[in-house]
Structures are given as structure tokens and as C-alpha cells.
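Working notes, structure below.
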Amino acid sequence: MSEANLKRERLRINEIFHSLQGEADAVGYPTVFVRLTGCPLRCQYCDTEYAFHAGDWHDLDAIAERVSSFGARHVCVTGGEPLAQPNCLTLLTRLCDAGFEVSLETSGALDIAEVDARVSRVVDVKTPGSREAARNRIENFPLLTQRDQLKFVICSREDYDWSKAYLREHGLSARCQVLFSPSYTQVPPATLAEWILADRLQVRFQLQLHKILWGDVAGK
Ligand code: SF4
């Protein structure tokens, strides 16, 4: 194989670890996380800044082997922004072919059209409080199915009101599950829960289970 071909089969990986899924539809399941290096966004609340630059190149066979070694059924490919590395698409398909339940966590700023249809896509909608709302790729919305989830991280009451209006404007509630999370340390969880209940808003409240269990640490 030429050097160029070898490069096409590689990904820059920040970490691979085994934990409980802390968010979205597979919450609570033992899951292997594959964290890819790099992200073109800079959300003010980012808790994975350590993944912006650090990481080593691995070929896809080695990544798949490492994932299998944990014996988990669920795999989550995350970042950073995993879709910033085009080979991510190949990895996702390979993991699906191997029989894993595969999810992808993505910022919502990049095209999700080529992601394998067997993958459950967890797509962020960046609120103004993230300081990256201009990056939301609305062309992704028609591609969402009931397998997918849209995630809003709410940083303030203004963010919450903006998110409600955004859901209506783009007709998002009918497309897929909609998740509202309080930004860690910025909105008290009970406050967000009260807002949702008061408005009879048909969204799914969620907390980051891994942070409740272990705090804000890498590799969990
Ligand atoms: S998209 Fe995710 S990884 Fe990238 S800066 Fe925002 S929170 Fe961090």
C-alpha cells in the first residue's frame, strides 16, 4: 500500500477509554469512547479542550482492535469534532460492520450526510451562550431521523428562550429526540427542569451522568 493510502486509513486519536455513556439515548450503558483529536469550534463551555491538539495517529485496524478489547456492545465516536477528520466516516462504518451499537457526537457545524445510516447521531445545536451559534449547519436538519438526537446545552434563561424559539422556527421536535442539558456550573439543573415543566415543553431533560459520578475529569 502506498504512503498516501496508509494515511487515508489512519485517524488522529486523543484517547480510547471504557466508561458509562453519560448522555443521550444510550445513557448508562457501558461504552467504549473513541475521542478524535481536533475541533474547528471554540465553545466557551468546552470540557474537552485537551483534545484540540493532543493525539497520536493510529490505523483503523488498531482502533477497531482496541475497541473490541473492552468487550462492550456500545461505542461512541466523539471529539473534539470527529467529522473534522474524513476517515471518521470509514471508522463508523467499520464499527457498525463489526456489530457494535455506534453513536457519533458531533458539533452540528459539519455535514452529517455521509455518516453511515446505522449510526445514532447526537448533533449539537449551538446556542448563543456557546458563542458558536453562527456555526449551526441547518442543512443537517432534514437529514435527521428518529435514530438521532439534537442536543442543546443551555447556558442561561436567554439561551433557553432562544432554544424554544429555534425548535419552533425549524420544526425540530418532530424530526428526532430533542435533548436539553444545563451547561455544567452555569445553570442549576433544577432551574432548567422547572422551566421545561412550566412551559410544558416536549423535550428530554438530561444531566451528564459521568460528571455526577466522577466530576469533570478526562477519560470518564
Ligand atoms: S464543538 Fe465540542 S469539542 Fe468543539 S469546542 Fe465545542 S464543546 Fe468543545
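Whatever order the structure lists them in is the order used to number ligands and atoms, beginning at 1.
- With sequence neighbours left out, the ring pair (Phe, Tyr, Trp, His ring centres under 6.0 Å) criterion links Tyr184 to no other residue.
- A donor-acceptor contact closer than 3.5 angstrom is absent between the side chains of Glu101 and Gln21.
- Residue pairs satisfying the ring-ring contact (aromatic ring centres under 6.0 Å, His included) criterion with at least one member in residues 71-126, sequence neighbours excluded, are listed as follows: Tyr29-His74.
- Within the listing of ligand 1, atoms 3 (S) sit less than 4.0 angstrom from a heavy atom of Gly80.
- At a cut-off of 2.8 Å, measuring from atom 6 (Fe) of ligand 1, the protein N, O or S atoms that fall short of it are Cys43 SG, waters left aside.
- The ring pair (Phe, Tyr, Trp, His ring centres under 6.0 Å) search around Phe70 returns His18, not counting sequence neighbours.
- Taking the six-membered ring where the residue is Trp, Tyr160 and Phe180 present perpendicular rings, their angle passing 60° and hence far from 30°.
- Screening Asp116, Thr145, Thr106, Asp148 for a side-chain hydrogen bond (donor to acceptor under 3.5 Å, both in side chains) with Arg121, the sole residue that qualifies is Asp148.
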